Each structure stands twice: as C-alpha cells, then as structure tokens.
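Everything below concerns the one structure shown next.
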Protein chains: 2
Amino acid sequence: MATSVTSSACASTRDQLIAHAQTLISKRGYNGFSYRDLAEHVGVKTASIHYHFPQKDDLLQAAVVDYTAKITRALHAIDDSLPAVERLERYAKLFVGSPADQICMCGMLAADFASVPEPVRAALKAFFRLHENWLAAVIADGKREGTIKSWSDPQSSARTAFAAFQGALLASRLFQANDRVCEVLQAICVRVEQPA
Amino acid sequence: MATSVTSSACASTRDQLIAHAQTLISKRGYNGFSYRDLAEHVGVKTASIHYHFPQKDDLLQAAVVDYTAKITRALHAIDDSLPAVERLERYAKLFVGSPADQICMCGMLAADFASVPEPVRAALKAFFRLHENWLAAVIADGKREGTIKSWSDPQSSARTAFAAFQGALLASRLFQANDRVCEVLQAICVRVEQPA
DNA sequence: GTCTATACCGAGATAGAC
DNA sequence: GTCTATCTCGGTATAGAC
C-alpha cells in the first residue's frame, strides 16, 4: 500500500506529520517510533507535533483515518466492470507498489493490536472487513466467469485471500523480495488446471 | 502456537523468564513490553532479569531459539506416514491451540523486523523457511494423493499457504475468533470440487 | 541468584516566549 | 504555528549488599 501521497513538494506541517507517521508505523510499528523520530523526518521540533496532536494516540487516529480514506479511494478507483482477474491484479499492485520495508499500515497495526486504543481497533476491523468484502465481490464475479477459484463460499475465500496477502507482505519484507504477493495472485487465479 | 510449555509447576527462573517473554512478545511485540512487565509476571525484580539476560536483545535471542526448537519438535512429531490432509490438520492445531490474544511469536517478530538485531532476523527467516518447506512436502504428497489442491508448484503453494496461516492468526486476534485458521485449511484441502 | 538503590537516558507531554 | 526550556515518568542497565 503506497504511502506515496506523502508530499509532492510542500504540504501543511500537519499533512507531512501524518504522512511520515504512516511510513514510520508501517516500518517500525506503533511502539517502534518516537515523536523525536517523526520530528526529525519532518524537520520540526517535537513540541510542534504536540501542537497538532496533543497525544500520540491522536496522531495514530489521524494516521489511520487518512490511510483508510486513501485506500478506500484506491479501491473504488478500480473499475467494477473490469474482468475479475484484472481487478485482482490491480488490487495486488496496491501492495507491491510500496517500498520493500513497508507493509500495509493496518496489517502492522493489527499486530500492534494490544497497544492501540479502542477507536483504532474498531477502525482496523472496518479496514479488514472492507477488503474482505471487496475481495468477496471480485471472487464471486470471477467464479461466475470461471477465472477465479473459489473454495467454499466467496466470503470465506476472501478472508483467506486477504490473510494470504497480509502474510505475504510480512514475508516479502523479511526476505526482501515482494514477489510473494504475486504468488498469492497466482494461487487464486485459474490458469492451467492441474489434475488434482 | 502454544506457549503452554510455560511452567508445569516450578521451573528455573531462567526458563520462566523465557516462557513469559514469549507470551509477552506474542501479545505485544518486542517494543511493547518492558523488563518491569516481565518481572511482575515472573515475580522477580528487573535486576534479576539482567542477571540472566544482560541486554534485552539477549532475552529476545533466547526466546527465539527456544521457541524455534519447540515448534521444530512439534513439527517433527507429526508422523510423516499420515495422509497429507491429516498432517495439515495437526499442523493447523499448533496455531489454533494457543490463546486468542497470542499469534505466532515469529510472525509477530516478523512485524517487528526493523527493531530486531541481525541474528534474530536470520532466525526468523529460518523459521519461515522451515515451515514453508514442511508445508511444501505435505502439499506435494497431498497432490499425489489427490486430496490437496496445488496451484503451481508445491513450494510456491506452501509459501502462500504459510502466509495465509500467519495472516489468519492476525485476523483471528483482531476479531477474537480463531475459526479463520480453519478456513485456510478448507481452502487448501479438496472437498466437493465446485465447477469453476 | 536475588535483592535494593541508583544512574542514565529517551519517551511523551507542558509552559510560555516569539 | 513553531520554538526553547523544562518536567515527569518509564525504560534499560549497573553497582554492590546479602
């Protein structure tokens, strides 16, 4: 999931803070970065961060809201009328496009579940469900088209597929190679049916 | 992945420290717990932890080595001569057996990749490869038996399957329901082949 | 091997000048 | 809105008694 919206040239301090916070969370997790780290990245002092986000949890909340909105837009930008497989490929690109040391921010925060306040937990669940529902619709279409394999019902398949994507991102960073995301894609799409 | 080896009744302080550290890492991540937390769980003072593990990284190393050994033993304990599907089911139980708020410790540490020293990174890669190779062998057998679906080659399928398991654990904790691991199992195993 | 006491630093957070 | 200065707390880590 690209964080490239980061900053074209000049953005408000607040926007820069959110963008860099997203990057830091994706790389190091919520407990893995400090206001000092963030301040250095943006080029301000820590007191300035506190002006925009009094508590660290406020920053987190803003980062999650912005990230979710961004991804939701990207998801909606994938044309519903395209063949299911092509939609899936575009979906996978949302992940592969980001730097090798960054995984999906919400996947990362799901790992930090215990450290995160309730509102963020709710947002994370919503994020997961959004993706699972989106994938379920695509899988259902692909099933009709005969281009996507569906084990059991589409919703269940979608949950497994999304889990596979998140896990693949984790492994991609671990092994410094993001072809694992593509492997998930291949596992889902019908190619040459091999005899059981 | 059960951390149940924790302590039958009395174990050496060192062993208790390792066991509880594993639990804390699985729940909160490497940056999410302190020596104070661990000390309270075990019932000692933080200075005692430093006696056994001078640096926090030493504790981490020990926790990873022990965890890996434990899981490796559990993996070897699954009889090679069993049908592939049954081996897979036993494998899944390694995950489902653990408390809902704990995911696989090495999956968690993979998320904390950036915060972790090189030797631990190497151990994590080895852990992933161990599982992927084990799964690849099972999948290859299941393919021959006609009981397991293999998209592309078994190695690639195994990587995707392992990613799906790790992602499913993440989602299980998020939604407080670990049936997602079972869903992965169902996705892999052949049941009623539904027409594409 | 475990404790008390303490050093030391980095964290999140606040006050108030500019 | 950003800064300097400062506070407080919690974190890792050490020294030395028992």
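In this text the structure is predicted, and so the values were computed from the model without any measurement. Each chain gets a letter, A, B and so on, in the order its sequence line appears, and its residues count up from 1.
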OP1 or OP2 of C:dC3 under 4.0 Å from side-chain N/O of B:Ser48: yes

Under 4.0 angstrom between A:Lys45 side-chain N/O and D:dT2 OP1 or OP2: no

Side-chain N,O (B:Tyr35) to OP1/OP2 (D:dG11) below 4.0 Å: no

Atom pair distance, as rounded to whole Å: CD in A:Glu40 and P in C:dG10: 11 Å

Which nucleotide in C:dG1, D:dT12, C:dA11 has an atom nearest any side-chain atom of B:Lys56: D:dT12

Separation of atom NE2 in B:His50 from atom C1' in C:dC8, rounded to whole Å: 12 Å

Stacked cation flag B:Lys27 on A:Phe113, 6.0 angstrom / 45 deg: no

Lys/Arg cation over aromatic B:Phe33: B:Lys56, 6.0 Å, 45° cone: yes

Presence of B:Ser34 side-chain N/O under 4.0 Å of D:dG11 phosphate oxygens OP1/OP2: yes

For atom CG of A:Leu17 and atom P of D:dG1, their distance in whole Å: 12 Å

OP1 or OP2 of C:dT2 under 4.0 Å from side-chain N/O of B:Tyr51: no

Phosphate contact (C:dA11 OP1 or OP2) by A:Thr46 side-chain N/O below 4.0 Å: no

Selection from C:dT4, C:dA15, C:dA11 that lies nearest to any side-chain heavy atom of B:Ala47: C:dT4

Heavy atoms from other residues, nucleotides or ligands near NZ of B:Lys125 exceed 12 (cutoff 6.0 Å): yes

Euclidean distance, atom CZ of residue A:Phe53 to atom P of C:dG12 [Å, nearest integer]: 14 Å

Atom-to-atom span, CG of A:Leu59 to P of C:dA13 - whole angstrom: 10 Å

Value in whole Å for how far the P atom of C:dG12 lies from CZ of A:Arg36: 9 Å

side-chain N/O A:Gln55 vs C:dG12 OP1/OP2, d < 4.0 Å: no

Exercise: do B:Glu183 and A:Ser156 side chains pair donor with acceptor under 3.5 Å: yes

Nucleotide C:dA11, atom C1' - distance to CG of A:Leu24 in whole Å: 15 Å

Value in whole Å for how far the P atom of C:dA13 lies from NE2 of A:His52: 16 Å

Residue A:Arg121 excluded, over 12 heavy atoms near CZ under 6.0 Å: yes

